Amino acid sequence: MEISDDLKIQINQYIGGDLAGKELLDFEATLADNPSLQEQVNFYKTIDDTLNATLSYQKEDEEMAPLLDSLADEFIIGNTSTEANSIHEKEIIKPSKISDKKPMIRWLIPVTGLAAAALVLLMLFPAGEQNSGILADNYYALYELSFAVRGETNDLSKAGKLYHNQNWEAALSIFNQHPENLKAQIAKGNCEYQLKQYDKALLTFQKVADGNSAYAASAAWYTALCFLQTDRTTEAQTYLKKVTDQSKYHQQAKELLSKL
Amino acid sequence: MAHTDQKYIEALLQNDEPLIREIYQKWGPEVRNFVLKNNGTVEDAKDIFQESMAALLLKIRKEKFTLTVPLGGYLYFIYRSKWFNKLAKNKKEPVMIKELSGYKYSSDDFQWADETNLLHLRSTIFKACFEQLKEVCQKILSAKYEEGLKGIQVMEKYNIPTLGAVGKRMFDCREQLRRIIIKHPQFDELHLKRGKWK
């Protein structure tokens, strides 16, 4: 259905609450006679109402985010981190996910799952450098960052967007400016890992893993993967043991330990 | 009559730190217990509680809201529903939730939580779709949504020749946004009708 320019203007006025008196009554009568138009206008109103409530409070959200984040660390995680920022982290570990950077091994991974694939790989490459690197690839999944708020004013938010778009170098340069922020440091380590700068990633993760923060177990997991990438199995084992049962990586760490 | 926990709603609206702290102190450990009891980790508990707080904030900012029952109950049904959906998405078999003891609930509680979560989902998806709009449309719609400008102010700010032209542009941008939204993979979860207009 084609909409005339006049009707477009009228719909916009109606949604904005700018119609009154006879104009409003006439327009409401038009809507009553045309359910399809009514449906369309309802959709626009839902968009407007929702985005008004969402976008008009971005500044307030940004101001509140550090407080809510630190309170959640204190009362839910149970271990207060010194950092505070607007990034709301979400870590998703998908053992069956294979790094996009490794197309050469993709064909080896059947849809039946990672466990079977890892077994095949272990049989094909019984020992050595390639084997531990492949194992690490099989277990690696990118730290996923989502935002409690997204504001242009916060450079960590910008870094998160770059990270999400896999622009590792650009994200890295911003994360580098936040050494006190442990979550940013884990994201930084992931950028380095994606760029195959495993020694740098190792140092980044290890600093967090050796601390007492709520992020130590996650960082220990990534530290272990970096050790595997650089063929240091014993050190990897040490860090896998640091992945506590409170961590979502615990099962994967146990499984990986049994394979080393 | 408002429940005494209405003070927490006001605190969230005013960014009153001591009272917001009380919210986390009172109900943070509870969400942790709930998620751990239902196959999650402490990190999941944090995520789900923060998402629930974001949903609650959105709801109370959008609507004038009077709390008539304890806030803990409302929060419980918001995060319970979020966690249930998360588990259900990842599992093939039916999900059985182990409830926290102490909450008596009615179907109204579920409905309220579902409405809040639906609003939150719409907000998240609409915002993601909004970011896919062309810059010129983002600017014009931001003037309305973010800055609360009226048509005449938008006309002056962007040197648009007439008020009618502002209305037409806003309509066209909103329609572009609608088209992006209806293509979103989670569109069916938004409980909106696609409409017959293409």
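What you see below is based on every heavy atom in this structure, not just the backbone, and it leaves out hydrogens, waters and symmetry mates. Please read all numbers here as calculations on a predicted model, not as lab measurements. Just so it is clear: chains get the letters A, B, ... in the order the sequence lines come, proteins before strands, and each one is counted from 1.
Below 30°, between 30° and 60°, or above 60°: for A:Tyr193 and A:Tyr140 the angle between ring planes is below 30°, a parallel geometry. A perpendicular orientation is assigned to the rings of B:Phe34 and B:Tyr76, their planes being inclined by more than 60° (bins at 30° and 60°). Relative orientation of the B:Phe187 and A:Phe43 rings is parallel, given thresholds of 30° and 60° on the angle between their planes.
Counting heavy-atom pairs closer than 4.5 Å to chain A, the top residue among B:Arg169, B:Met53, B:Arg21 is B:Arg21. Each of B:Lys59, B:Gln25, B:Lys144 has some count of heavy-atom pairs under 4.5 Å with chain A, and the biggest count is that of B:Gln25. With chain B as the partner, the residue from A:Met64, A:His250, A:Gln13 showing the most heavy-atom pairs under 4.5 Å is A:Met64. Interface summary for chain B: among A:Asp6, A:Asp48, A:Ile47, the most heavy-atom pairs under 4.5 angstrom belong to A:Asp48. When B:Lys62, B:Arg174, B:Glu146 are compared by the number of non-hydrogen pairs under 4.5 Å with chain A, B:Arg174 comes out ahead.
One finds no salt bridge joining A:Glu60 and B:Arg61 here, because no Lys/Arg side-chain nitrogen approaches an Asp/Glu carboxylate oxygen to under 4.0 Å. A salt bridge is defined here as a Lys NZ or Arg NE, NH1 or NH2 lying under 4.0 Å from an Asp or Glu carboxylate O, and B:Arg178 with B:Glu175 meets this definition.
For B:Leu192, the part sitting under 4.5 Å from any heavy atom of chain A is the side chain, from C-beta outward, and nothing else. Interface residue B:Leu57: only side-chain heavy atoms are found under 4.5 Å from chain A. With a 4.5 angstrom heavy-atom cutoff, B:Asn33 does not touch chain A via any of its atoms. Residue B:Glu63: no heavy atom, backbone or side chain, is found under 4.5 Å from chain A. Proximity to chain A (any heavy atom under 4.5 Å) is restricted, for B:Ile181, to the side chain, taken from C-beta onward.
The side chain to side chain contact (heavy atoms under 4.5 Å, CB included) test with B:Val166 singles out one residue from B:Met155, B:Gln153, B:Lys150, and that residue is B:Met155.
In A:Lys242, the NZ atom is crowded: over 12 heavy atoms of neighbouring residues, nucleotides or ligands sit closer than 6.0 Å.
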